[in-house]
Q: 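Have a look at the structure that comes next, please.
Because the structure is a prediction, the values reported are computed rather than measured. Quick note on labels: first sequence line is chain A, next is B, and so on, each numbered from 1.
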Protein chains: 2
Amino acid sequence: MVAPDWEQMPYFLAVARTGSLRAAAAELNTAHGTVNRHIRALEATYGVQLFQRTRSGLELSSAGRALVPIAQDAETLFLGARRRLQGLDRQEAGAVRFSMTGVMAYEIVSPILVRFFDEYPEIDLEIHVSDRFEDINRLETDVSLRYTDEVRDADVVARKLYPMALAPYASRAYLERHLPNAGPEGEGLHWIGWDEINRSPDWVRQTSFPKAQVRHATTDHVLQLSLLRRGFGMVNTSVYFESIYPELVRVPGGDITLERSLWLLLHSDLRRTTRVRRFVDYLADALKAMRPQLQGELA
Amino acid sequence: MVAPDWEQMPYFLAVARTGSLRAAAAELNTAHGTVNRHIRALEATYGVQLFQRTRSGLELSSAGRALVPIAQDAETLFLGARRRLQGLDRQEAGAVRFSMTGVMAYEIVSPILVRFFDEYPEIDLEIHVSDRFEDINRLETDVSLRYTDEVRDADVVARKLYPMALAPYASRAYLERHLPNAGPEGEGLHWIGWDEINRSPDWVRQTSFPKAQVRHATTDHVLQLSLLRRGFGMVNTSVYFESIYPELVRVPGGDITLERSLWLLLHSDLRRTTRVRRFVDYLADALKAMRPQLQGELA
DNA sequence: ACAAAGTGGTTCAAAAATTGACCACAGCCA
DNA sequence: TGGCTGTGGTCAATTTTTGAACCACTTTGT
């Protein structure tokens with residue numbers, strides 16, 4: 001057996017949904033013995049019982065319940081793939097489908113979108129907020145605004161705008177309280193982290209405050225910002241926010257970095273579609289006008 | 001063949017990664033003929049060529065490239081499932097893993113979290129922002145704050161806080177501009193929508209402005225709010241925002257709804273874990289104190 | 001120039017999975 | 001009470017999938 005989970009998962013889903021081997025078998029056009037074998041195999045590979053077998057059917061165990069949403073997600077994923085690969089999604093497309101990350105959306109781009117709608121009221125917008133770089137490759141979106149160091153992709157036309165300046169920030173209140181007691185390399189300060197909790201991950205050692213600890217973590221940029229403004233700790237973030245949140249102060253001694261840039265990406269199929277062109281040009285111009293604020297004094 | 005995509009996907013991934021049938025076969029401990037057969041089957045079910053076959057290997061086609069990130073997502077999903085079902089994740093868990101939706105996080109809960117850290121500096125927090133209700137069931141988080149109408153779940157202890165009041169809002173500027181020209185049932189106004197673009201979906205007909213059109217859509221609540229404040233159209237949202245964003249005005253003639261409530265959920269395994277208890281109690285108390293603002297004048 | 005090692009394609013005996021018919025048992029209903 | 005229908009469990013016959021050895025060809029390194 002090459003792929004234990006993948007192969008058995010649909011059997012699991014069908015049984016979870018129907019509550020019996022035979023009903024699941026009917027749904028999958030197969031025999032109930034086969035379904036049973038797959039379920040047993042899945043339970044064996046996980047080493048956990050997924051169902052309680054009763055005379056009246058199979059009932060999800062606690063582990064089984066944890067697996068259901070995961071399997072459903074995968075199913076959604078595959079259904080979407082099917083639709084998109086067969087090109088059923090792209091057909092009419094009166095709207096421009098646009099994707100960007102949360103921070104950009106909320107603070108930087110949304111006023112631009114409002115102005116765009118004023119000037120081009122005939123163009124509808126479907127706006128996706130996501131941190132996943134791949135959206136445009138999976139044909140989910142037409143245009144994507146990303147913050148990254150490098151773009152190399154066959155089907156994607158990438159337009160590099162300019163580097164964005166990042167620096168460590170904290171709230172004025174946080175610094176007044178913690179900076180007097182902090183050691184030379186940031187000892188006693190806190191970074192607000194990204195992934196799981198790990199008080200001293202690798203990336204911290206490469207910052208200007210290698211001895212600051214990570215005590216809180218969230219993968220959401222906006223929440224990082226919200227916590228930052230309210231005095232949770234330090235975050236490396238765009239200098240732009242200095243201008244809109246007066247309570248933020250650049251941490252003394254922190255380095256400014258210009259490593260990554262803003263990129264505007266569009267799927268190459270759409271390069272010549274007018275409504276997409278309009279939107280991309282408008283957005284690029286508007287963002288270029290904001291260059292001084294986003295690139296900081298290094299512009 | 002019961003599950004065309006699921007079964008073949010790992011073969012696809014291996015070939016996409018290695019670039020050759022034989023190398024993929026080695027990775028999967030099988031024969032290259034088998035891999036080839038599966039790839040062909042996958043291409044047949046999708047009706048699309050996924051690879052260009054050359055003498056020097058298989059190269060991803062444009063459709064193939066669209067499929068890679070999807071397959072990778074599924075893989076991540078399954079790997080995570082494995083870890084969690086086998087209970088490897090839960091072990092030490094010094095941190096409380098907490099999940100909530102974006103709007104709540106940014107505007108309502110983040111100040112509470114800051115105060116909590118002040119009072120309990122020994123408890124680390126891993127904060128997830130997500131709209132997925134299922135997080136707690138898949139054992140990804142310990143505590144979850146949700147806005148919904150009903151909670152029924154075997155492994156979950158649910159604490160109902162109180163109903164939240166929603167009403168249609170728009171920016172003052174938007175209303176001044178569009179309301180004079182609007183028809184009786186909202187004709188000429190715009191809703192900011194949720195899913196894909198569809199100018200008159202079902203849910204609109206059940207609102208107080210059934211003839212308003214949906215011209216823009218985003219599945220991100222915070223972006224909805226941001227667009228709302230800047231005058232993009234109307235959104236049904238919490239009356240709480242009226243108090244923090246002075247530019248928002250309740251749309252005259254719009255109904256207030258109290259259908260769904262705030263719920264605080266925790267996985268029943270953790271009911272008696274002290275650090276989780278502390279956190280849940282603290283959060284519940286702090287949220288109860290905000291009841292008048294969240295439930296509106298109907299409180 | 002010429003092996004050696006790599007590529008995908010093809011074939012067919014061997015291995016594995018599926019089928020379908022049979023159990024024994026639970027509930028339900030007349 | 002007895003029969004009908006549903007449940008999971010089992011197992012030999014059958015079908016499908018696999019593995020391994022070929023082929024023809026290209027690329028790489030000597």
Side-chain angles (χ1 to χ4, degrees), chain A residues 1-65 67-68 71 78 154, chain B residues 1-65 67-68 71 78 154:
Chain A
M1 201 184 327
V2 174
D5 349 30
W6 303 70
E7 207 169 321
Q8 272 84 3
M9 210 56 86
Y11 294 91
F12 167 78
L13 255 186
V15 175
R17 277 201 271 255
T18 60
S20 100
L21 293 179
R22 294 187 120 96
E27 194 180 277
L28 300 167
N29 291 315
T30 180
H32 78 282
T34 306
V35 178
N36 193 18
R37 243 190 53 269
H38 281 287
I39 298 295
R40 291 229 129 92
L42 195 59
E43 291 181 323
T45 65
Y46 286 144
V48 180
Q49 194 150 0
L50 297 170
F51 296 98
Q52 265 101 41
R53 284 113 196 293
T54 72
R55 286 282 169 206
S56 64
L58 281 80
E59 210 168 306
L60 278 167
S61 75
S62 142
R65 272 192 297 274
L67 189 55
V68 172
F78 290 146
Chain B
M1 200 183 327
V2 173
D5 350 30
W6 302 70
E7 209 170 319
Q8 272 83 1
M9 211 56 86
Y11 294 91
F12 168 77
L13 254 187
V15 175
R17 277 202 271 255
T18 61
S20 99
L21 293 180
R22 295 188 119 98
E27 190 174 292
L28 300 167
N29 291 315
T30 181
H32 80 282
T34 306
V35 178
N36 192 19
R37 249 195 36 264
H38 277 117
I39 297 296
R40 291 229 131 90
L42 194 60
E43 290 181 325
T45 64
Y46 285 145
V48 180
Q49 193 150 2
L50 297 171
F51 296 97
Q52 266 100 40
R53 285 113 195 294
T54 71
R55 288 282 168 204
S56 63
L58 282 81
E59 210 168 306
L60 278 166
S61 75
S62 141
R65 272 192 296 274
L67 189 56
V68 171
F78 290 148

Q: Using a heavy-atom cut-off of 4.0 Å across all strands, would you classify A/R53 as base, sugar-phosphate, or nothing?
A: sugar-phosphate

Q: So, under a plain 3.5 Å distance rule, would you say the side chain of A/R55 forms a donor-acceptor pair with the base of C/dG27?
A: no

Q: To the side chain of A/R22, which of C/dT19, D/dT18, D/dT7 is closest?
A: D/dT7

Q: Measure the distance from CG on A/N29 to P on C/dT18 and round it to the nearest whole Å.
A: 14 Å

Q: So, taking the atom named CD in B/E43 and the one named CZ in B/F12, what distance separates them when rounded to the nearest 0.5 Å?
A: 9.0 Å

Q: Got a second to check how far B/L67's CG is from B/S61's OG, nearest 0.5 Å?
A: 9.0 Å

Q: With respect to the side chain of A/T34, which nucleotide from C/dT18, C/dG8, D/dG9 is positioned closest?
A: C/dT18

Q: Give the C-alpha distance, both sets of side-chain angles, the deciding distance and a yes or no for side chain to side chain contact (heavy atoms under 4.5 Å, CB included) between A/L42 and A/R37.
A: CA-CA 9 Å; A/L42 195 59; A/R37 243 190 53 269; over 6 Å; no

Q: Going from CD on B/Q8 to CD on A/E7, what distance comes out if it is rounded to the nearest 0.5 angstrom?
A: 8.5 Å

Q: May I have the distance from A/E7 (atom CD) to C/dA16 (atom P), rounded to whole angstrom?
A: 14 Å

Q: If C/dC29 has a Watson-Crick or G-U wobble mate with both distances under 3.5 Å, name it; if not, just say none.
A: D/dG2

Q: For the side chain of B/S20, starting at C-beta, report the closest nucleotide among C/dT7, C/dT18, D/dT18.
A: C/dT7

Q: When the distance from OH of A/Y11 to P of D/dG8 is rounded to whole Å, what number comes out?
A: 16 Å

Q: What is the distance from CG of B/L21 to C1' of C/dG9, rounded to the nearest Å?
A: 10 Å

Q: Would you mind reading off the distance between B/H32 atom NE2 and D/dC22 atom C1', rounded to a whole angstrom?
A: 10 Å

Q: Ring-plane angle category for A/W6 and B/F78, please: parallel below 30°, perpendicular beyond 60°, tilted otherwise.
A: perpendicular

Q: I want to verify the glycosidic state of C/dA26; is it syn or anti under the 90° rule?
A: syn

Q: Let me know, please, whether B/R40 or A/A31 comes out on the 5' side of the other along DNA chain C by nearest nucleotide.
A: B/R40

Q: Using only side-chain N and O atoms of B/T30, determine if any of them is under 4.0 Å from OP1 or OP2 of D/dT18.
A: no

Q: Starting at atom CG of B/N36, determine the distance to atom P of D/dT17, rounded to an integer number of angstrom.
A: 15 Å

Q: Between B/R37 and D/dG19, is there a side-chain N or O to OP1/OP2 distance below 4.0 Å?
A: no

Q: What is the separation between atom CD1 on B/I39 and atom P on C/dG8, rounded to the nearest whole Å?
A: 11 Å

Q: Write down the partner of C/dA21 under the Watson-Crick or G-U wobble criteria, each distance required to be under 3.5 Å.
A: D/dT10

Q: Nearest whole Å is fine: how far is C/dG6 C1' from B/E59 CD?
A: 16 Å

Q: Among the candidates C/dT18, C/dT19, D/dT18, find the nucleotide nearest to the side-chain atoms of A/H38.
A: C/dT18

